[in-house]
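One structure, pasted below without further comment.
Chain letters run A, B, ... following the sequence lines, proteins first, then strands; residues in each count from 1.
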Protein chains: 2
Amino acid sequence: MTTHLLIGDVARKSGCTPETIRHYERIGLLAKPWRGDNGYRYYTAAAVQQLGFIRRCRALGLELDAIRELIALAGQPEERCESVNELARRHVADLRQRIADLQALADELDASVHRCPGNTIAHCGILESLTPALSDSTPAN
Amino acid sequence: MTTHLLIGDVARKSGCTPETIRHYERIGLLAKPWRGDNGYRYYTAAAVQQLGFIRRCRALGLELDAIRELIALAGQPEERCESVNELARRHVADLRQRIADLQALADELDASVHRCPGNTIAHCGILESLTPALSDSTPAN
DNA sequence: CTTGACCCTGTAACGGTTACAGGGTTGAGG
DNA sequence: CCTCAACCCTGTAACCGTTACAGGGTCAAG
């Protein structure tokens with residue numbers, strides 16, 4: 001056990017690239033591993049675990065700062081997990097908001113596509129819908 | 001007419017900041033305006049129009065490269081507008097895909113939140129769902 | 001002893017802005 | 001005429017999360 005894993009091994013096991021792993025170390029997201037005399041990083045299985053956690057969080061769309069926060073929380077097993085719940089709920093709300101925004105954009109552009117008679121560019125409904133009225137200056141701000 | 005508009009005027013009228021306008025000029029998205037002896041940029045109403053177009057496209061989530069393409073197409077009024085339609089349809093498809101992805105993420109995290117008994121961090125269902133199994137190494141790749 | 005696969009560092013790129021720092025110009029009020 | 005605020009200019013670096021170099025060192029097999 002505690003086999004000396006090189007960064008490439010950890011990369012294969014965790015699904016991150018060596019570059020990403022070094023990056024996470026630089027920004028303080030991943031603990032610095034033991035270094036051999038040759039300067040090589042030698043990892044334990046815990047690092048693979050940690051990176052798996054980060055990867056899963058990233059896959060869920062969490063930002064690195066949020067992940068940092070989660071890692072800090074995970075280090076306090078006695079505490080109540082309200083903060084974790086709160087963070088997760090906030091992220092879900094964020095996602096739902098972004099979904100609604102994208103939905104609105106998609107619908108708007110879709111409508112333009114359907115309105116366009118498919119004529120020449122000079123009469124293209126899509127371009128028209130994108131072009132602001134000529135003498136329209138934002139009146140008050 | 002053709003009043004000499006300073007970059008700040010154009011910014012107010014178009015809704016972009018002066019910094020963004022200079023940026024668009026640098027990357028070749030916006031035509032270089034006439035320059036006075038003092039080095040100031042002097043714009044016509046056409047620039048306001050152009051920037052409004054860009055802003056609307058950005059608001060719809062189009063990338064600058066796509067906008068560049070649209071501007072090029074808009075310069076060929078005789079051509080059929082199939083390319084414009086194609087670009088718009090591709091973008092809508094892109095948006096729908098991103099919506100589906102985000103939806104899946106939101107649902108997954110939401111499920112974790114609801115499954116969590118709200119106990120201590122040591123028993124937090126959310127953190128558990130984020131933590132990969134211990135001896136799980138990506139088997140084949 | 002060479003080859004090739006790995007490791008290291010440090011820096012810059014991607015996209016789309018935004019934010020400086022360090023200067024010059026203009027126009028209105030005193 | 002002087003001063004002050006409000007603008008303009010350029011060039012560079014920051015943001016986010018990676019990825020991709022360049023230019024080197026190390027190691028194990030043949």
Original post:
Does the side chain of V10(B) reach to within under 4.5 Å of the side chain of L6(B), using non-hydrogen atoms?
Top reply: no

Kindly list each side-chain donor-acceptor pair under 3.5 angstrom involving residues 73-88 of chain A, sequence neighbours excluded, with atom names and distances?
| unit_1 | atom_1 | unit_2 | atom_2 | d |
| --- | --- | --- | --- | --- |
| R80(A) | NH1 | G118(B) | O | 3.2 |
| N85(A) | ND2 | C81(A) | O | 3.1 |

**OP:** Output yes when a side-chain donor or acceptor of T20(A) lies under 3.5 Å from a complementary backbone atom of C16(A), and no otherwise.
**Re:** no

**OP:** Could you list by number each residue of residues 94-106 of chain B showing a heavy-atom separation from DNA chain C of less than 4.0 Å, or answer none if no residue does?
**Re:** none

Subject >> Atom-to-atom span, CD1 of I7(B) to C1' of dT26(C) - whole angstrom >> reply: 16 Å

Original post:
When the nearest nucleotide of DNA chain D is assigned to R41(B) and to Y42(A) on a heavy-atom basis, which residue is associated with the more 5' position?
Top reply: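 Result of the comparison: R41(B).
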
**OP:** Describe, as an angle rounded to 10 degrees, how the axis at the first end of the helix from dC1(C)-dG30(D) to dG30(C)-dC1(D) is tilted relative to the axis at the last end, five pairs per end.
**Re:** 30°

Subject >> Interatomic distance where CD1 belongs to I67(B) and C1' belongs to dG15(C) [whole Å] >> reply: 12 Å

**OP:** Determine whether H123(B) and P117(B) make a side-chain contact, defined as any pair of heavy atoms from C-beta on separated by less than 4.5 Å.
**Re:**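 With C-beta onward as the side chain, the pair stays apart.
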
Original post:
Atom CG of L64(B) and atom P of dC14(C): how far apart are they, to the nearest Å?
Top reply: 13 Å

Exercise answer: donor-acceptor pairs, residues 92-99 of chain A side-chain atoms, under 3.5 Å, sequence neighbours excluded:
| unit_1 | atom_1 | unit_2 | atom_2 | d |
| --- | --- | --- | --- | --- |
| R96(A) | NH1 | Q103(B) | OE1 | 3.3 |
| R96(A) | NH1 | D107(B) | OD1 | 3.3 |
| R96(A) | NH2 | D107(B) | OD1 | 3.3 |
| R96(A) | NH2 | D110(B) | OD2 | 3.1 |
| Q97(A) | NE2 | D101(A) | OD1 | 3.0 |

Name each donor-acceptor pair under 3.5 Å that joins a side chain in residues 22-38 of chain A to protein atoms two or more places apart or in another chain, with its distance.
| unit_1 | atom_1 | unit_2 | atom_2 | d |
| --- | --- | --- | --- | --- |
| E25(A) | OE1 | R41(A) | NE | 2.8 |
| R35(A) | NH1 | G39(A) | O | 2.8 |
| N38(A) | OD1 | Y40(A) | N | 3.0 |
| N38(A) | ND2 | Y42(A) | OH | 3.4 |

Original post:
Between atom CG in L29(A) and atom P in dC16(D), what is the gap in whole Å?
Top reply: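 Taking CG of L29(A) and P of dC16(D), I get 13 Å after rounding.
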
Original post:
Would you say a side-chain N or O of Y24(B) is under 4.0 Å from OP1 or OP2 of dG16(C)?
Top reply: no

Original post:
With hydrophobic residues grouped by side-chain heavy-atom distances under 4.5 Å, do L127(A) and I71(B) end up in a single group?
Top reply: yes

Original post:
CZ of R35(B) versus P of dG24(C): gap in Å, rounded?
Top reply: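 Computing the R35(B):CZ to dG24(C):P distance gives 17 Å.
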
Subject >> Separation of atom CD in E25(B) from atom P in dG16(C), rounded to whole Å >> reply: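 After rounding, the reported distance stands at 18 Å.
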
Original post:
In whole Å, what is the span from the CG atom of D9(B) to the P atom of dA6(D)?
Top reply: 16 Å

**OP:** Return yes if some donor-acceptor pair links the side-chain N/O of H91(A) with the main-chain N/O of A66(A) below 3.5 Å, else return no.
**Re:** no

**OP:** Report the distance from atom CD1 of I27(A) to atom C1' of dG10(C), rounded to the nearest whole Å.
**Re:**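 Distance check: I27(A) CD1 to dG10(C) C1' gives 17 Å.
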
Original post:
Of D65(B) and R22(B), whose nearest nucleotide on DNA chain C comes first from the 5' end?
Top reply: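 On the 5' side of the pair lies D65(B).
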
**OP:** Report, as a single string ordered 5' to 3', how protein heavy atoms within less than 4.0 Å touch nucleotides 19-26 of chain D: B base, S sugar-phosphate only, - not at all.
**Re:** SBB---BB

**OP:** For residues L130(B) and L60(A), determine if any side-chain heavy atom of one lies less than 4.5 Å from a side-chain heavy atom of the other.
**Re:**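 Result yes, sub-4.5 Å side-chain heavy-atom pair found.
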
Original post:
Any side-chain heavy atom of F53(B) sitting closer than 4.5 Å to one from L70(B)?
Top reply: yes

Subject >> Sidechain-backbone polar pair: R58(A) side chain, L64(A) backbone, donor-acceptor under 3.5 Å >> reply: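 It does not hold such a pair.
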
